[in-house]
Amino acid sequence: MLQCTAVTETPVAEVLVALLDLRGGPGDPRDAMADDCFLLCELGEHDEFVEHAAHLWTAEPHGGRDLWFLWAGAGAHRVYRFATLPPCPAVLRDFGTGAVEPCLFFARHRPHAHSFSVADPLADLIAPTPDD
């Protein structure tokens, strides 16, 4: 499944407040924020009835809760919220190598494709070529 390509402006001041209020959040929220002014939906492709989602911070790395930015709509019609959600419990196991890859989304995410099954449609466009 391809990754959703929805992008939205980052409400920087509100993200900083959400990070400050987050138990187990970063020491300095400014250091935790990317320099980007935009957030990209990380979920697999979905319809307009599913909120877009961008991961902001993992509060407690071992089974804790993650801070997510969820939004719907665009421009003047965009509505958004911050949610502290438990991580998805799904894992992809390679029995040949013993490798384990966890799903990086939140529990009960929609669509149901896990992060290890979602391909970034833009990755090939920005990946360096062997001649670079």
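We number each residue from 1, following the sequence as shown.
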Check: Got a sec: does the CZ of Arg78 have more than 12 other heavy atoms crowding it under 6.0 Å?
Finding: yes

Item checked: Same cluster (ILVMFWY, side-chain, under 4.5 Å), Phe69 and Leu16 -> yes

Item checked: Working for side chain to side chain contact (heavy atoms under 4.5 Å, CB included), residues Leu67 and Val15 -> CA-CA 10 Å; Leu67 180 63; Val15 169; over 6 Å; no

Next item on the list: Tell me whether Trp71 is reachable from Leu56 by hopping between hydrophobic residues (I, L, V, M, F, W, Y) whose side-chain heavy atoms are closer than 4.5 Å.
Entry: yes

Check: Are Leu22 and Trp57 close enough that some pair of their side-chain heavy atoms sits under 4.5 Å apart?
Finding: yes

Next item on the list: With the side chain counted from C-beta on, respond yes when Phe106 and Leu70 share a heavy-atom pair under 4.5 Å apart, and no when they do not.
Entry: yes

Next item on the list: Please report the closest heavy-atom contact between Leu39 and Ala54, naming both atoms and the distance.
Entry: CB-CB, 3.9 Å

Margin query: Looking at Phe116, is its backbone amide N or carbonyl O close enough to the side chain of Glu101 to form a donor-acceptor pair, meaning the two atoms are under 3.5 Å apart?
Written below: no

Note to self: So Asp66 and Thr58, do their side chains get closer than 4.5 Å, heavy atoms only?
What the structure shows: yes

Check: Which of these passes side-chain contact (heavy atoms from CB on, under 4.5 Å) with Cys4: Pro121, Pro111, Cys41?
Finding: Cys41

Item checked: Nearest non-hydrogen partners of Pro89 and Ala107, listed with the distance -> CD-CB, 4.4 Å

Note to self: Just verifying a value: how many Å separate His52 NE2 and Leu40 CG, rounded to the nearest 0.5 Å?
What the structure shows: 10.0 Å

Notebook entry, point to check: In terms of ring plane angle, is the pair His114 and His109 parallel, tilted or perpendicular, where the classes change at 30° and 60°?
Noted result: perpendicular

Margin query: Do Asp21 and Phe82 have side chains that approach each other closer than 4.5 Å (heavy atoms only, starting at C-beta)?
Written below: no

Item checked: Gap separating the SG atom of Cys88 from the NE2 atom of His112, nearest 0.5 angstrom -> 10.5 Å

Notebook entry, point to check: Is it true that atom CD of Glu9 has more than 12 heavy atoms of other residues, nucleotides or ligands lying nearer than 6.0 Å?
Noted result: no

Check: Between Phe105 and Leu43, is any pair of side-chain heavy atoms under 4.5 Å apart?
Finding: yes

Next item on the list: Determine whether Leu92 and Leu104 fall in the same hydrophobic cluster, where Ile, Leu, Val, Met, Phe, Trp and Tyr are linked whenever their side-chain heavy atoms lie under 4.5 Å apart.
Entry: no

Margin query: How close do Leu2 and Val118 get, counting heavy atoms only, and between which atoms?
Written below: C-CG1, 4.0 Å

Notebook entry, point to check: Using 4.0 Å as the upper bound for N to carboxylate O, is an ion pair formed by Glu51 and Arg81?
Noted result: yes

